[in-house]
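Just so we're on the same page: letters track the sequence lines, and every chain starts at 1. Values in this document were obtained by computation on a predicted structure and should not be read as measured data.
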Number of protein chains: 2
Amino acid sequence: MAEKKKVVLVDDHHLVRAGLRALLEDLNYYEVVAEGADGSEVLALIEKTNPDVVILDIAMKIKSGLDALIDIKALYPTLPVILLTMHNTSDYLQTAIERGASAYLLKDSAEVELELALNAVLKNEIYISPKLSEQLLETLNADRKSEKVIVSKVLTPRQTEILKMLADGKGTKEIAFDLGLSVKTIESHRSQIMERLQIRDLASLVRFAIKNGVTTL
Amino acid sequence: MAEKKKVVLVDDHHLVRAGLRALLEDLNYYEVVAEGADGSEVLALIEKTNPDVVILDIAMKIKSGLDALIDIKALYPTLPVILLTMHNTSDYLQTAIERGASAYLLKDSAEVELELALNAVLKNEIYISPKLSEQLLETLNADRKSEKVIVSKVLTPRQTEILKMLADGKGTKEIAFDLGLSVKTIESHRSQIMERLQIRDLASLVRFAIKNGVTTL
DNA sequence: ATTACTATTAGGTCATTCCCCTATTTGAAG
DNA sequence: CTTCAAATAGGGGAATGACCTAATAGTAAT
């Protein structure tokens, strides 16, 4: 058998990480050469270990997997990255793919999926959890029906910024002050965020933000 | 070596479960005889497999680990249960212990901690993550300073019920209607909940509810 | 029994926020 | 150039929130 493939594993829960490592090494074809607890460490780990693939959790405290993905692709555009997501929503699947992710898996996936994804990714293919790819197709079809194929970026940077603050418990007034803007402006952004996300209440907004790594639980 | 110890593993993320299983079986002293994705399945699994220990995730969709713990202890009071929690807060540590949990671990713990916990638990000892036990001691000390040692139940049943509804995105009006109460009553409960939890904004309330398994992400 | 405390209910008042609509400016895409 | 999205912000009424007070019922302790 050829040399084992080198894997960098980044997830902010130690036990989860250890579990994934055990799983990978039981396959006898992968070797975890580095582990990280946050997206902000990943570049250093890659440089040190020159891995064949990176496995990144999306929801991490300091820097999310999606953010780390940008950094990685800027310096190592051909290094395959597998994203792991906690919850069954394809909200950021498009973003992930636009940013060059090679695979997008639910943490709830079967072990074989992880193996399939690794195999695919090492052949420069793209692997997406079946559950999610269904949703993606539905989304694309829905878009097509509505005349224009708008592959929207979900939220603008400003909106994302404000979403985070809202989800972190800040009030409109406080946000307005922090950003040096009018309360009315924040209210506008807030309405537009909810409009886009089809959300009507703050609680769901908080969930959305957590699920998508905009903020942390 | 003696017979391997039988473990039942319950966590709603398949990959996490698989990882923990790999980790346990690498220790060569444990055998995962059943896996479940939710607290509601655990009793059936125990009956079927007669395990030596149960490992339960706290935050699960249908029935949380804390709820499942009650069921388990009612039927199998001597069966050791290890609780796994996602986040570094001891909010429900007391509850867990009151309900008879044998160990309380952070998912962020080191692998050795899992092993230590298993060893302790099989000797009828109690194991608590060092990080959390520190917090617990602080809490107890704080209580002692404030004259009375109140092992408070955190929230009353009514409060928990309303917390869940709030965290699920319902408004005061809607909750009042659902429960057949005055809007003012709900507002009172809401204030008192926030008072007890030392929380000032809805967003943090939602986080708290999710962290403690009152509702799901 | 009596006391004391908790849980649950609810009103009043005033400040804040939300909702719905409209509007200006700037920058990028065509 | 023109068109559209993003970011900014105001008006006005409705809804909600914060803060205070208080009644009733139930339970625990003496």
Is there a side-chain polar atom (N or O) of [X] under 4.0 Å from OP1 or OP2 of [N]?
X: B/Thr185; N: C/dA10; value: yes
X: B/Ser182; N: C/dG11; value: yes
X: A/Arg200; N: C/dC19; value: no
X: B/His189; N: C/dT9; value: yes
X: A/Thr172; N: C/dC18; value: yes

Is it true that a side-chain atom of [X] and a backbone atom of [Y] form a donor plus acceptor pair closer than 3.5 Å?
X: B/Ser188; Y: B/Lys184; value: yes
X: B/Asp12; Y: B/Ala37; value: no
X: B/Arg190; Y: B/Thr185; value: no

Quick one: [X] [atom1] to [N] [atom2], roughly how many Å, whole number?
X: A/Asp201; N: D/dT16; atom1: CG; atom2: P; answer: 12 Å
X: B/Gln159; N: C/dT8; atom1: CD; atom2: C1'; answer: 9 Å
X: A/Leu205; N: C/dT17; atom1: CG; atom2: C1'; answer: 15 Å
X: A/Ile199; N: C/dC19; atom1: CD1; atom2: P; answer: 13 Å
X: A/Ile175; N: D/dA9; atom1: CD1; atom2: C1'; answer: 16 Å
X: B/Glu174; N: D/dA15; atom1: CD; atom2: P; answer: 15 Å
X: A/Lys173; N: D/dA9; atom1: NZ; atom2: P; answer: 16 Å
X: B/Ile193; N: C/dT8; atom1: CD1; atom2: C1'; answer: 12 Å

Point to revise | A/Ile46 vs A/Pro51 side-chain heavy atoms within contact, under 4.5 Å | key: yes
Check your understanding: With distance as the sole criterion, do the side chain of A/Ser188 and the base of D/dA9 form a donor-acceptor contact below 3.5 Å?
Key -> yes
